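Keep in mind that this is a model prediction, so the values were computed, not measured. Numbers restart at 1 for each chain; the letters A, B, ... are given by sequence-line order, proteins then strands.
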Amino acid sequence: MKELEKNYNPSQIEEKLYQKWLDHKYFHADAARGKKEGRKPFTVMMPPPNVTGQLHMGHAVDNTMQDILIRYKRMQGYEALWQPGTDHAAISTEVKVIDKLKSEGIDKQDLGRDGFLERCWDWKREYENRIVKQLYKLGSSADWDRMRFTMDEGCSDAVLEVFVKLYEKGYIYKGSRIINWCPVCRTSISDAEVVHEEQNGFFWHINYPVVGEEGCFVEIATTRPETMLGDTAVAVNPEDPRYQKLIGKTLELPLTGRQIPVIADEYVDKEFGTGCVKITPAHDPNDFEVGRRHGLEEICIMHDDARIDCPGSKYDGMERYEARKAIVEDLEKMGLLVKVVPHAHNVGIHDRCKTTVEPMIKPQWFVKMEEMAQPAIQALQSGELKFVPESFGKTYLHWLEGIRDWCISRQLWWGHRIPAYYCQDCGEILVAKNMPDTCTKCGGSHFRRDEDTLDTWFSSALWPFSTLGWPENTKELEYFYPTDVLVTGYDIIFFWVVRMVFSGLEQTGKTPFHTVLIHGLVRDSQGRKMSKSLGNGIDPLEVIDKYGADALRMTLMTGNAPGNDMRFYWERVENSRNFANKIWNASRFIMMNMGNGPVEEAPLNRLTMADKWILSKVNSLAKDMTENMDKYELGIGLQKVYDFVWEEFCDWYIEMVKARLWDEKNETRKAALWTLKTVLIQALKLLHPYMPFITEEIFCNLQDEEESIMVSSWPVFKQEWSFAREEREVETIKEAVRAIRNVRTAMNVPPSRKAKVYVVSEDQKMLDIFAHSKVFFAMLGFASQVCLQQDKAGIDDDAVSAVISGATLYMPFAELVDIAKERDRLVKEKERLEKELARASGMLSNERFVAKAPESKINEEKEKQEKYRQMMAQVEVRLAQLERKQS
RNA sequence: GGAGAUAUAGCUCAGCUGGGAGAGCAUCUGCUUGACGUGUAGAGGGUCGUAGGUUCGAGUCCUAUUGUCUCCACCA
């Protein structure tokens, strides 16, 4: 048997073991094999990290949870597929490549579309590997042989297929609508990519003259005066008495001289501002709606880079904020600027580049959402789709119920190019997977393909089935789809989960997964989000280097409930590291005692009470763990193995068993060794999904029969390992040991001072329990001898006592004990018992309790009451003795 | 404005279907016993945000209220 190092050193073994797993292809799932061997599939889709990304704590939590589920199911005998891949991350990658080009003095336009895309692919090849290697370090048991990329051939084909199908169904349309425009990235962005930030700005109050009524004005207030160049109306609330007579009149728009009407629309809030709103349909989403309702002209006054587009005017070509300044100055000169009021308001910012977005009307492609949202809503209501924790289902519903059409076109080059072809002869739009030969309308053969690409989420929405070969009906798709659990943070429910669900339902008729397991964010120790700008991020790789992947994984899973945020503390990592070291040393101890020979199988009837107790404990732990795993309560599961290993197994069982191990002639030595090894292996298996590396290392050192713990079988509850009586008996022993330790500490007795321990009970069965346990007292270092008797014969009156349920323990070290102190202690104990008795009798004398509570609960209370009565009697006797002694 | 989450020991958090308040860290006190000081034995510390209600019984369920956080929508 190999000798282990004194301290666990993760860095030495993690890489070696991961390579071993890869070499043995343990991560690989196979549909044909699974089918042939009659296994059930279990599938998890890895949320594809951005190719340009670096591993952060979010990935670490997300992937740890998935790995735990996959390893658990794999051990349970499922054909467990964890499908990995990466995302092309359109904007993010394009921006980075552009930056890199800039540093080389190259402009995107100079390279041309193909040249630029080549640079993007170079970037992808260079960085994809980085994030994948980082996921290796976590211990992720994903099926890397099936690695996919959202822009690889298969996924791209799925994208085209879906686009064409949705177009033909009328769910995809092209239209001019107001969208969020990023003047720096020069592309439209979705609502979800816009973040709102409060900024201190101003409210400019401006007078618009009423046509034909000299000296008569309408005062409007705006935060963006430059947009007035595009005003096509002023609106008031139809119910507003102040402005009734204005409705229908015509105003002259200052600076342009254009004539615009005053209209009435519910949208206007009477209480806000002046109650008169300038309407700029081309540059404000609300105004756009108003404009469409009233058939107003939509005048676009800005170029794509946010310079003013107003030919013939002095503002033409000005940058938007420059124009704002000029316009305000001019209005002031004209005497039309009424006042300027400081005003804090929210400004939309592009989350990637932080530029203030400009609402613009642009021809864009949209997905009609109304029909597709319905089945997705129903999936949740029918229970076909479930969120853990459930409350996130409300977030999901809320979003779907208020869903708007999805703008899917992006003015980027890196991404899936929209498969729409414009006939150069007649202008007809043809949508097809490949460029058509002839125009269906005019028979022409010259086409221009749409320049735009699709929103990144369009392809990720198809991830659960595109990766399995859809639209082909592959054996993988048939076997592994629909998948089982999707693990993700609550921050991308809208972006991704919703879109996967409606896409899956629309394309395959099935929800792509039955459960969405939501986790929270990892925050810093002060509760702040980890972010680049704050510089407060903790690099998971640094944690792994210092403490090992297992410690990181354990830290992220401890004391954490689904959906809740957690804070990162280095102290917690240390605790995890300490736990790893604890198991390491327990294993080391066991192996030292095993010697070189094999551990013989011990028949159950040769086991001692302690052996049966720990076996029974690990047995019910297996059941408990399985239940918690199935409920996705990963934090609770971990807590349970932790407590078992550290407290029950190390602090109690190993200590109980030492004396037997050291005595080569002891006839129960072999039983002890067998139990130690067996229980340890069970515990290692239960822990393996959480801490794959250390459990594998110990497992392989401990036994020769199996080559890896990750393909060993998950422990199941066995009736023959269930020993209720022994569990109770050992609990009694533990109670006794604790009682004695407490008394001795309370009495300030040094551990080196040994004393006799008398166990007194009228109940012979009770004494029998202790008959087997003399060895514990000796081993625990404070009993020179243990005497069992039914009465107090031979025990000095001033012996110190400890009362436990069913027995009283005495230690005759009279000379060490201060009688007054002992009396105080007993008085305290008496008070405690009185409280307990009051509680029990309070319940039992309550007629309604007795009438309504379940029988088992009543009996439980009666037993407790009886137990406390007995203890109380003992305490009273002891007190009386002391009184006599003192007087 | 809409929705959701959360409030438990000094700190960070568990506490699953209601039935005697827990962990880690921190603090204090012991322990050079042959796996581990990354250890071990013990102690102190909480009227479970507040007020009602349901119940024989509420940290747990309901209502209201307060604080904190998050998401969505955004007022020109």
Side-chain angles (χ1 to χ4, degrees), chain A residues 4 6-8 191-192 196 203 220-224 227 235 267-269 271-280 284-287 290 343 345-346 348 389 391-392 394-395 397-399 402 490-491 493-494 520-521 525 527 529 547 551 558-561 563-569 571-572 574-593 627-628 631 633 635-636 639 642-643 650-651 654-655 658 662 738 741-742 744-746 748-752 779-781 835-836 839-840 842-843 846-854 856-858 860-861 864:
Chain A
L4 298 182
K6 186 172 174 185
N7 280 329
Y8 172 56
D191 290 344
H196 293 271
F203 235 161
I220 60 96
T222 179
T223 54
R224 297 194 303 154
T227 63
Y267 153 70
V268 181
D269 179 354
E271 314 299 322
F272 193 80
T274 62
C276 301
V277 185
K278 62 191 269 311
I279 301 296
T280 322
D284 182 280
N286 290 305
D287 293 7
V290 175
H343 177 67
H345 63 288
N346 285 320
S391 60
F392 285 98
K394 288 180 196 158
T395 314
L397 274 187
H398 188 247
W399 168 268
Y490 54 72
D491 46 339
I493 292 177
F494 318 115
L521 261 40
S525 59
K529 259 189 190 171
Y547 293 96
T558 319
N560 192 248
N564 285 0
D565 289 354
M566 64 196 96
R567 296 191 191 193
F568 183 91
Y569 282 92
E571 291 88 330
R572 290 187 34 196
E574 278 174 31
N575 180 245
S576 306
R577 186 270 320 265
N578 293 353
F579 178 61
N581 194 56
K582 186 73 185 174
I583 315 167
W584 184 258
N585 273 289
S587 308
R588 192 159 77 98
F589 171 79
I590 292 168
M591 286 187 235
M592 282 164 59
N593 283 287
E627 281 169 9
N628 279 296
K631 285 191 293 187
E633 286 286 1
I636 293 179
Q639 186 68 46
Y642 177 92
D643 288 343
C650 293
D651 291 347
I654 290 185
E655 293 306 321
K658 276 180 178 172
W662 291 335
R738 273 195 287 252
R741 280 178 185 159
N742 276 326
R744 290 176 60 107
T745 311
N748 251 327
V749 181
S752 53
M779 176 268 296
L780 290 172
K835 262 167 74 182
E836 296 287 4
R839 197 189 64 84
M843 275 173 103
N846 183 335
E847 282 169 25
R848 285 177 299 182
F849 171 74
V850 180
K852 294 194 178 180
S856 61
K857 182 66 195 166
I858 297 175
E860 198 184 312
E861 285 304 322
K864 281 181 201 168

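In this structure, A:Asn578 places its CG atom 12 Å from P of B:G24, rounding to the nearest Å. Atom NZ of A:Lys6 is separated from atom C1' of B:G37 by 9 Å (rounded to the nearest Å). Atom-to-atom, CZ of A:Phe589 to P of B:U33 comes out at 15 Å; the value is rounded to the nearest Å. As rounded to whole Å, 13 Å separates atom C1' of B:G30 from atom CG of A:Asn742.
Using Watson-Crick or G-U wobble geometry with both donor-acceptor distances under 3.5 Å, B:A9 finds no partner in any strand shown. When both pairing distances are held under 3.5 Å, B:C61 makes a Watson-Crick or G-U pair with B:G53. With a 3.5 Å ceiling on both atom-pair distances, B:U17 lacks any Watson-Crick or G-U wobble partner. As the counterpart of B:C28, B:G42 is assigned, both hydrogen-bonding distances of the Watson-Crick or G-U wobble pattern falling under 3.5 Å. With a 3.5 Å ceiling on both atom-pair distances, the Watson-Crick or G-U wobble partner of B:C71 is B:G2.
The side-chain tip of A:Lys857 does not point at the ring of A:Phe849 from less than 6.0 angstrom away and within 45° of straight on.
When heavy atoms are screened at a 4.0 angstrom cut-off, A:Asn346 is found touching base atoms of the nucleic acid. Among the protein residues, A:Asp651 comes within range of the sugar-phosphate backbone only, with heavy atoms under 4.0 Å from sugar or phosphate atoms but none that close to a base.
Of the residues near RNA chain B, A:Thr222 and A:Trp399, the one whose nearest nucleotide (by heavy atom distance) lies more toward the 5' end is A:Trp399. Summary of the strand contacts: A:Thr745 and A:Asn846 both lie near RNA chain B, and taking for each the nucleotide with the nearest heavy atom, the more 5' one is attributed to A:Thr745.
One finds the CD atom of A:Glu627 at 11.5 Å from the CD1 atom of A:Ile636 (value rounded to the nearest 0.5 Å).
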